[in-house]
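Order of appearance sets the numbers: ligands from 1, and atoms from 1 within every ligand.
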Amino acid sequence: MNPNRKLITLDEFTVMQTRQFSQATGELSTLLRDISLACKLINKQVNKAGLADILGAHGAVNVQGEEQMKLDVYADEILINVLKNSADCAGIASEENDDFVAFDDQHSMNSKYVVMFDPLDGSSNIDVNASIGTIFCIYKRVSELGKPCSKEDFLQKGENMKAAGYVIYGSSTMLVCATKLGVNGFTLEPSIGEFCLSHRDMKCKEDGKIYSVNQGNTNKLSDKLRAYLDYCMEEDKETNRPYSHRYIGSMVADLHRTLIKGGIFMYPADKKNVHGKLRLLYECNPMSFIVEKAGGVSTTGEQRVLEVQPQELHQRVPIFIGSKNMVNYYLENYKED
Ligand code: AHM
């Protein structure tokens, strides 16, 4: 590393951003710092997953009937504990838990933010050492301060979000965070244990050459969607087709690539998953907020993901997300009638 290079840590960066607003209280920055601390602890465990006796199934089944891995449980508990001790969090909702948790101590009840997260996304990749991630988002509560937060705080439209981010545990560990000011990426510098600014003002390319979908589901897709996949595979030099197909099966990793290289990622509804597979509150909304703030587009096929009014905590929606021109081309030519 160049010794003269000035490293800017996540903390320093958020404080600098906060100073741009005279009204800002710094509570959002504190929350981001707390979430990044939890992710550093998760990262430590993820890094030694092959060494410690933490690989394999935990034996429990989560609310959606899926087997939880030991690391899912660990990541969930770490995030809950860190946020419970945070100065600025009134409660949380997690993909791993049936219901939201309202922190009922006096300080938390006076906090104005709630946090939602998928503690360890892409967990089927843990055992094969492929990239996994943590996804989070922050909302200002709508319930009365001084009382425990309530379900309506969590069932807000994604467009109300104040900040969202993900941490990818990959060849390096990176935190990507979006606020109304834009999207920035911070790489974990392990020797000092700090996330340092490495990708300033990230933008999603308007065009791309990669489509990302579980192609094994093709037979379960509608005719229109199958026609769109044929379009992606068709030869056409002018439009750079056939597109390359990339699919890790870990939304964080697939969307991180989409954000950096451009492309379209989709998890559509199919005959088996009639509402799609991915969760609105913990996966689709935060990722849509990040991609939109970076200039990309995210849609269910019928409406902007961020405009969907959530009805329940574990609701699923179809998603088509990524480079503006690719997603819009899909919408203009192949969306369902
Ligand atoms: P998980 O919450 O059990 O990890 O499932 C979510 C993951 C996403 O990260 C990924 O995009 C998708 O499931 C992959 O699903 P599939 O294996 O059906 O393609």
> Is there a nitrogen or oxygen of G122 sitting under 3.5 Å from a nitrogen or oxygen of ligand 1?
Replying inline: yes

> Picking from F320, Y228, Y211, what satisfies ring pair (Phe, Tyr, Trp, His ring centres under 6.0 Å) with Y334?
Replying inline: Y228

> Is it the case that D236 and T239 place a side-chain donor and acceptor less than 3.5 Å from each other?
Replying inline: yes

>> Would you say S323 and D207 are linked by a side-chain donor-acceptor pair, where the criterion is simply a distance under 3.5 Å?
In response: no

> Quick one: are the ring centres of Y231 and Y330 less than 6.0 Å apart?
Replying inline: no

> Is the H199-F186 ring centre distance short of 6.0 angstrom?
Replying inline: no

> Who gets closest to atom 5 (O) of ligand 1 by heavy atom: K272, E96, K277, Q215?
Replying inline: K277

>> Out of M251, E95, M287, who is nearest to atom 9 (O) of ligand 1 when you count heavy atoms only?
In response: M251

Quick one: which ligand 1 atoms are inside 4.0 Å of a heavy atom on [X]?
X	result
N214	16 (P), 18 (O), 19 (O)
S250	9 (O)
E283	2 (O), 6 (C)

